[in-house]
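A short worksheet on the structure shown next.
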Amino acid sequence: MLFKPGLDLAVSEGFCSLSCTCGRGIMAARFCGLLVLLTLCLSGLDAQRPAVNQELSDIFNELWRLDENRLTPVTDYNISVQGRASFVNQGSHVVRDYALQPLFSNVNENKLANTTTYSRFMKLLNNYERSTGVAEQVTAEEQTEIDLFLTAVLETKVMKRAHQYLVSKAKSNSDLRRFKSQLNLIWFNLYHRQKNAGLDSCGFEHVFVGETKSGTEIIGFHNWIQFYLQEKSTHLDYKGYKARSLDLPDQDDHVLNLQFSWHGLVKPVGSAFIGTSPEFEMAIFTIVFLMNTERSTTVLVNIDQCRMELVVIRHGRSLGTAYPKLLSSNSRHVTPQHSG
């Protein structure tokens, strides 16, 4: 048994002295030694656990309160989380279905159609090649759709506050046109995701639309609107939620870890905000992207009643991927699952 220097002497001395008296003393000393070891292990785990980023939590909660376009559970949509999905290897096409019904039983489509950022967002969803390795061809009409979407996003209270925050941190220019160009570079700049291929991907496509890789796996796909629309068109089949054995997500949860198939391929563990507006998701991931320079960044934050990790991975000056990982909600504790 190994002990921290300084502690092992006391325990060893106790063991020796007690061993001279009776067997009970030996057992007591061993028990004390185990307690010491357990304490050291737990303290080590605490030291490795990242602290909540309070500054980002504060600005994200402010953005949450400003997100007047967020849909309300039960009022604007209903979800049925159903069963807990099983473990599935990446690349597997065989998966047991623990959700016989769709995740979304209804969504207020009138609100989606009549809210500018949602309606312009949805026009972008069919502009991309699903498979990586196939070069994207952006038409003049599609470029106009991108421009109109960014214009609408910049007019929201959420993105105006995000812009103000980034300017205060010297991460963005105060000029709105330059900030719009910055957003375009981060989210819509095309790049090579698959080697020896054309410009086949961008941050927006990966995060909000989803892609397939080598015809064997789903990558990205972290948006609830795309999930709903693909599920409605029967291209997507929800398989169940991902969480520890005794944990059941609530229908009002705004972040879910889940499993699904899409065009015959399986996403073993995915994650997405539920009900949030496109501008809110773009705003928080843009802030994480610009506030860090590492290729891969994970920040621990509290947003509303949820504790989550926000993962952002760069692709040069553009976004490679971004997604939330739910850790706890409404005082529930969820085992983190890997997503991508």
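- Of the candidates Trp224, Tyr238, Phe227, Phe227 is the only one forming a ring-ring contact (aromatic ring centres under 6.0 Å, His included) with Phe260.
- For Glu141, the CD atom counts as loosely surrounded, since its 6.0 Å shell holds 12 or fewer non-hydrogen atoms of other residues, nucleotides or ligands.
- To the nearest 0.5 Å, atom CG of residue Leu256 and atom OG of residue Ser271 are 9.5 Å apart.
- Between the side chain of Glu231 and the backbone N or O of Phe104 there is at least one donor-acceptor pair closer than 3.5 Å.
- Between the side chains of Asp67 and Ser277, at least one donor N or O lies within less than 3.5 Å of an accepting N or O.
- Between Thr116 and Ala152 the shortest heavy-atom distance is CG2-CB, 3.7 Å.
- The two residues Gln259 and Ser86 have their closest heavy-atom pair at NE2-O, 2.9 Å.
- By the 6.0 Å and 45° rule, Arg314 stacks over the aromatic ring of Phe289.
- Minimum interatomic distance between Tyr191 and Cys202 (heavy atoms only, all atoms of both residues): OH-C, 3.5 Å.
- Aromatic ring pairs are classed by plane angle as parallel below 30°, tilted from 30° to 60° and perpendicular above 60°; the pair His163 and Phe179 is parallel.
- Comment: Asp147 engages Lys180 in a salt bridge, judged by a side-chain N to carboxylate O separation of less than 4.0 angstrom.
- In this structure, a donor-acceptor pair under 3.5 Å is absent between the side chains of Tyr128 and Arg130.
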Test log, rule side chain to side chain donor-acceptor pair (under 3.5 Å), inputs Ser318 and Asn189: CA-CA 7 Å; Ser318 301; Asn189 180 56; 3.1 Å; yes
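- Ring geometry for Phe121 against Phe208 counts as perpendicular: the plane angle is over 60°, on a 0 to 90° scale with 30° as the lower cut.
- Clustering ILVMFWY residues whenever any of their side-chain heavy atoms sit less than 4.5 angstrom apart, transitively, puts Phe285 in the very cluster that holds Leu125.
- When hydrophobic clusters are built by joining Ile, Leu, Val, Met, Phe, Trp and Tyr residues whose side-chain heavy atoms come closer than 4.5 Å, directly or via intermediates, Leu236 is not grouped with Val266.
- Using modelled atom types, one finds a donor on one side chain and an acceptor on the other under 3.5 Å when comparing Asn127 with Glu145.
- Separating the CD atom in Glu205 from the CD atom in Glu136 is a distance of 4.5 Å, to the nearest 0.5 Å.
- Under the side-chain contact (heavy atoms from CB on, under 4.5 Å) rule, Leu319 has a single partner from Thr286, Val207, Ile313, Leu185, which is Val207.
- Judged by distance alone, with hydrogens and angles left aside, the side-chain atoms of Tyr118 form a donor-acceptor pair with the main-chain N or O of Asn69 at under 3.5 Å.
- Hydrophobic cluster membership is shared by Tyr165 and Trp64, with clusters built from Ile, Leu, Val, Met, Phe, Trp and Tyr side chains linked at under 4.5 angstrom.
- Minimum interatomic distance between Gln194 and Asp200 (heavy atoms only, all atoms of both residues): N-OD2, 3.2 Å.
- Taking CG from Leu326 and NZ from Lys242, the interatomic distance works out to 14.0 Å, rounded to the nearest 0.5 Å.
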From CA spacing to verdict: side chain to side chain donor-acceptor pair (under 3.5 Å), Ser57, Asn302: CA-CA 5 Å; Ser57 294; Asn302 293 323; 5.0 Å; no
Steps toward ring pair (Phe, Tyr, Trp, His ring centres under 6.0 Å) verdict (Phe221, Trp262): CA-CA 10 Å; Phe221 203 133; Trp262 184 44; 4.8 Å; yes
CA sep, side-chain torsions, deciding dist, call: His206, Glu211, side chain to side chain donor-acceptor pair (under 3.5 Å): CA-CA 6 Å; His206 185 85; Glu211 302 176 280; 2.8 Å; yes
Chi angles and distances behind the salt bridge (charged side-chain N to carboxylate O under 4.0 Å, His left out) call for Lys111, Asp76: CA-CA 8 Å; Lys111 189 165 186 177; Asp76 294 320; 3.3 Å; yes
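- Between Asp58 atom CG and Asn53 atom CG the span is 9.0 Å, to the nearest 0.5 Å.
- Defined by atom type and a distance below 3.5 Å, a donor-acceptor pair is present between the side-chain atoms of Glu281 and Thr276.
- Across every non-hydrogen atom of Gln182 and Ser172, the tightest pair is OE1-OG, 2.7 Å.
- With hydrophobic clusters built from ILVMFWY side chains whose heavy atoms lie under 4.5 angstrom apart, Ile59 shares a cluster with Leu154.
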Criterion side-chain contact (heavy atoms from CB on, under 4.5 Å) on Leu265 and Glu217, from CA distance to verdict: CA-CA 6 Å; Leu265 303 180; Glu217 61 182 293; 5.8 Å; no
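- Distance alone, capped at 3.5 Å, places no donor-acceptor pair between the His222 side chain and the Tyr323 backbone.
- Residues Asp237 and Lys239 are paired through a salt bridge, judged by an N-O separation under 4.0 Å between the basic side chain and the carboxylate.
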Derivation and outcome, side chain to side chain donor-acceptor pair (under 3.5 Å), residues Glu279 and Thr117: CA-CA 7 Å; Glu279 58 265 29; Thr117 52; 2.9 Å; yes
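- Atom OG of residue Ser181 and atom CZ of residue Phe188 lie 13.0 Å apart, to the nearest 0.5 angstrom.
- The main-chain N or O of Met159 is found under 3.5 Å from a side-chain atom of Thr156 such that the two form a donor-acceptor pair.
- Contact detail for Arg161 and Glu62: the closest heavy-atom pair is NE-OE2, 2.6 Å.
- Separation of atoms CD1 (Ile146) and CZ (Phe204) is listed at 8.0 Å; rounding is to 0.5 Å.
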